[in-house]
> 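Take a look at this one; I'll ask things after.
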Amino acid sequence: MSQVEKKAGLLRRTSSSKKPLKEKVVLMYDEIFAKEDPAKNNPRFWDELFLMKVNLEYLETKLETVDGEEVQKIQDNINSLFHHCVQALGEEHQIKVVNALQTLCALFRGVHQKNKSASGFDIINMLMGFDKAEQRMKDLMERLDSLLCGEGSESLKSLCLKLLLCLVTVTDNISQNTILEYVMINSIFEAILQILSDVSSRGQHGYDAVVLLALLVNYRKYESVNPYIVKLSIVDDEPTLDGMGMVVHHALTEYNRQYKDKEEENQGGFFSTLTSMVGSMFIADADEKLSVQTNEAILLALYEAVHLNRNFITVLAQSHPEMDIPTTPTTPTPTTPTTPLGTTPPSLDMMNNPELPLDPNLQTSNLLITFLKYASIVMQDTKDEHRLNSARLCLIILTCIAEDQYADAFLHDDNMNFRVNLHRMPMRHRKKAVDKNIPSRPLVCAVLDLMVEFIVTHMMKDFPMDLYLRCVQIIHKLLCYQKKCRIRLHYTWRELWSALINLLKFLLSNETTLLAKHNIFHLALLVVNLFNMFITYGDTFLPTSNSYDELYYEIVRMHQVFDNLYCMVLRVSTNTGQWKEPASKVTHALVNVRAIVNHFNPKIESYASVNHISQLSEEQVLEVVRSNYDTLTLKLQDGLDQFERYSEQPKEAAFFKELVRSISLNVRKNVSLNTLSQDVLLKEFSTIS
């Protein structure tokens, strides 16, 4: 049978001379699309319709192909169909409820597809009649709320959430979906929370509930008061917050596990064999798939929870067994399509087991560790806009965490040590880290490791300036907390200093190219001020006096980079031009670094000359440094331990608008592929009825 015949809902021809027969439900749809009231000649029309298996494809196609004049003629019938769908949701006959939910999904999608350029008011009028819309949507939301909170079928609850996701994502720009005004007025926030707080319902519906909440929070968030934002910000119920954290944790864990499996598969013999067979043209593509598909929807949910609700911060540190373990194969749902890495919800097994038996050899984990591992994967490759945005969102989340006093407290807690195995980008000049060598340390060390890793691995032609600024600012915020609370963190600070000096070196080497696109002086100023933080306050937070000596050693050893930077900013600041002022700020910021270099270099040369040593060892230089502190004069610089707090509006508004658009398109695509598992649902309810 041809595709056209399939769409038209035609049955097979009984003989070549006869016309193909139409399904009864298709004939009933045709009656709706006629001018007459379909119930006029058949009072039981609507009862019969919802007993029929929905032909989604035909109904949506029919709605999309109706032209402008016809729309006016059949509007009453479309309004009536919508009204009877909502009424059917209150039926005891479960098959009617299933068919009504599916029909509503087809209505929302079909009418929006047909009227993409129409105003939200015209679409509301076409669907339910503008004068009755408020009551119709109130009834719909109440019935969906009742189905979600009731003791009924889990399949129906799943279908309700799919319908809501369909409704929320039906327009490319969520804030242009005027129907959502009714979802704001008739809130289902409590229903979502109930799903998340219950272990069983969370296991089956948690993923969709969290994604739905993240999208609803972003509806006109800058233009009006969004009740979902207000309500999310004041949730203090522990089981609910823990439930939300569990859903996010398991989704990220599943992605990490899949990535690790793919990575191990790529390192095996398969790809080397494939190369010899078909050349290398497919290998790049296979490698790409390792990092292309990220889960921005669940990441957005994590961001909104961290950003809006201070109580959620405690969930980040909630300890439970490490989940990076092989999972048993689960039986796939017949209608679930093959989806890219990281876009599928986690398996029900993981979601239903918040507490696994503790293995003495299995270390505990928490949401923050899982997130850091996830971030270490998505931040590896930022060459296209999609991956760049994922990395940016990870860094925004870390920025919010680094600013929170409670989060900082558990990040730096010496009694909460973890072994965090971050993913590292393969590089020719360094060996692959062995997992077993990773020490157990406070979590702030893993955050600093992630920042250092990013700084070291992304010095490239297409320079991700925005990400570098965020990285350096996160480090600064953590140092401010350490200085304020006098926390002496045992960390390999030399790795950070080395990474920062190499970053300055990169900016100098690529001055002309980078200045064509970026204000490199702002980044250079932030980096220099990190060194100023260590110079001015290092004695309050560096672990030992020896660490402070090593800081001076690194500055003196790499003095050429600082000298070159000073020459460059002096040159730019003494000329007229757009970079005069930012370059001048770097000149002033370098005063103490230059004082250290100018003070110790002659002393080191003198020591070498007196002792007839051509090249001093590190210990000998450190000896010179220690014995000459008392004659060093430094200037006290103000504001080094101050920072501008994160604010989403207005700086990040454009980023989040585009991100939500991208997530909405992806959710819509997945909902349209696997929402309406008709045969499975109808089989379930036909056995019940």
Side-chain angles (χ1 to χ4, degrees), residues 291 371-383 387-388 390-399 401-402 411 420 422-433 438 441 443-480 482 489 491-511 513-514 517-534 538 550-551 554-555 557-558 561-562 564-565 586 589 593 643:
S291 56
F371 168 67
L372 289 173
K373 289 181 180 180
Y374 179 87
S376 71
I377 294 169
V378 302
M379 285 167 63
Q380 282 185 38
D381 189 354
T382 57
K383 287 196 178 94
R387 293 175 237 178
L388 189 71
S390 295
R392 182 176 295 159
L393 186 51
C394 285
L395 289 172
I396 290 173
I397 292 168
L398 280 172
T399 300
I401 291 169
L411 280 175
V420 184
L422 298 175
H423 292 262
R424 298 180 56 170
M425 192 186 288
M427 295 181 82
R428 286 177 189 155
H429 64 273
R430 68 178 183 187
K431 291 179 182 177
K432 192 178 187 302
I438 299 165
R441 305 171 295 172
L443 281 173
V444 68
C445 296
V447 178
L448 290 168
D449 283 349
L450 184 62
M451 299 301 99
V452 169
E453 174 67 10
F454 182 85
I455 290 168
V456 168
T457 54
H458 288 76
M459 293 181 224
M460 52 196 180
K461 190 179 176 184
D462 192 9
F463 190 69
M465 175 62 82
D466 176 73
L467 302 189
Y468 269 95
L469 291 170
R470 293 179 196 275
C471 270
V472 175
Q473 286 165 341
I474 289 166
I475 295 166
H476 179 236
K477 285 167 185 179
L478 294 172
L479 292 182
C480 288
Q482 289 165 26
L489 184 69
Y491 182 71
T492 49
W493 292 111
R494 284 179 92 159
E495 287 186 11
L496 172 61
W497 300 330
S498 174
L500 293 172
I501 291 169
N502 282 327
L503 175 56
L504 291 176
K505 198 173 176 181
F506 176 81
L507 296 179
L508 287 165
S509 304
N510 298 275
E511 176 195 346
T513 311
L514 292 173
K517 294 181 181 178
H518 309 290
N519 175 3
I520 62 171
F521 302 105
H522 181 42
L523 179 57
L525 179 65
L526 293 177
V527 172
V528 171
N529 278 340
L530 279 186
F531 279 102
N532 285 331
M533 271 286 286
F534 283 106
E550 287 173 354
L551 167 68
E554 284 300 315
I555 291 172
R557 186 176 73 87
M558 301 301 290
V561 174
F562 294 107
N564 292 345
L565 177 62
V586 183
V593 173
F643 57 81

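Note that the structure is predicted; figures quoted are calculated from it, not measured. When reading the values below, keep in mind they use all heavy atoms of this one structure, side chains included, and skip hydrogens, waters and symmetry mates.
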> Only counting residues at least two apart or in another chain, list the ones meeting side chain to side chain contact (heavy atoms under 4.5 Å, CB included) with Lys383.
Asp381
> Begin from the C-alpha positions of Gln482 and Tyr491 and carry the test side-chain contact (heavy atoms from CB on, under 4.5 Å) through to its verdict.
CA-CA 12 Å; Gln482 289 165 26; Tyr491 182 71; over 6 Å; no
> Got a second to check how far Leu398's CG is from Leu395's CG, nearest 0.5 Å?
6.0 Å
> I want to check something: taking the side chain as every heavy atom from C-beta on, are Met425 and Val456 in contact at a cut-off of under 4.5 Å?
no
> If every non-hydrogen atom of Lys517 is compared with every non-hydrogen atom of Asp462, which pair is closest and at what distance?
NZ-OD1, 4.2 Å
> Mind checking what makes ring-ring contact (aromatic ring centres under 6.0 Å, His included) contact with His518, not counting sequence neighbours?
none
> Please identify each residue that fulfils salt bridge (charged side-chain N to carboxylate O under 4.0 Å, His left out) with Glu511, with sequence neighbours left out.
Arg571
> According to salt bridge (charged side-chain N to carboxylate O under 4.0 Å, His left out), who are the partners of Arg392, at least two apart in sequence or on a separate chain?
Asp466
> With sequence neighbours excluded, what pairs up with His423 under the ring-ring contact (aromatic ring centres under 6.0 Å, His included) test?
Tyr259
> Quick check for you: to the nearest 0.5 Å, what is the distance between Glu453 atom CD and Leu448 atom CG?
13.0 Å
> Quick one: closest heavy-atom pair of Ala402 and Leu478, and the distance?
CB-CD2, 4.1 Å
> Could you give all pairs that pass the side chain to side chain donor-acceptor pair (under 3.5 Å) test and reach residues 519-529, with sequence neighbours left out?
Asn529-Asn532
> Let me confirm one number: the SG-CG distance from Cys471 to Leu526, rounded to the nearest 0.5 Å.
11.5 Å
> Take Val561 and Met558, measure what side-chain contact (heavy atoms from CB on, under 4.5 Å) needs, and give me the verdict at the end.
CA-CA 6 Å; Val561 174; Met558 301 301 290; 4.2 Å; yes
> If you measure from the Lys or Arg side-chain nitrogens to the Asp or Glu carboxylate oxygens, is any gap between Arg441 and Asp449 under 4.0 Å?
yes
> Taking all non-hydrogen atoms of both residues into account, name the closest pair between Met533 and Cys480 and its distance.
CE-N, 3.9 Å
> Could you give the distance from CG (Leu507) to CG (Leu565), rounded to the nearest 0.5 Å?
8.5 Å
> Drop me the distance from Gln473's CD to Phe643's CZ, to the nearest 0.5 angstrom.
10.5 Å
> Just to verify, what does Phe506 make a ring-ring contact (aromatic ring centres under 6.0 Å, His included) with, not counting sequence neighbours?
Phe463
> How far apart are the closest heavy atoms of Phe562 and Leu504, and which atoms are they?
CE2-CD1, 3.8 Å
> Any chance you could measure Leu450, atom CG, to Lys373, atom NZ, to the nearest 0.5 Å?
13.0 Å
> Minimum heavy-atom separation for Ile455 and Ala499, please, with both atom names.
CG2-O, 3.7 Å
> Tell me the closest heavy-atom pair linking Met379 and Ala391, and the distance in Å.
CG-CB, 3.7 Å
> Name all residues meeting the ring-ring contact (aromatic ring centres under 6.0 Å, His included) criterion together with Phe534; count only those two or more places apart in sequence or in a different chain, and write none if there are none.
Trp493, Trp497, Phe541
> Given the rule in the side-chain contact (heavy atoms from CB on, under 4.5 Å) test, do Phe454 and Ser376 qualify, once you have shown the distances and angles that lead to the verdict?
CA-CA 8 Å; Phe454 182 85; Ser376 71; over 6 Å; no
> Between Met459 and Lys505, is the side-chain contact (heavy atoms from CB on, under 4.5 Å) condition met? List the steps.
CA-CA 10 Å; Met459 293 181 224; Lys505 198 173 176 181; over 6 Å; no
> Which residues satisfy the salt bridge (charged side-chain N to carboxylate O under 4.0 Å, His left out) test with Glu554, sequence neighbours excluded?
Arg494, Arg557
> With sequence neighbours left out, what residues match Thr382 under side-chain hydrogen bond (donor to acceptor under 3.5 Å, both in side chains)?
none
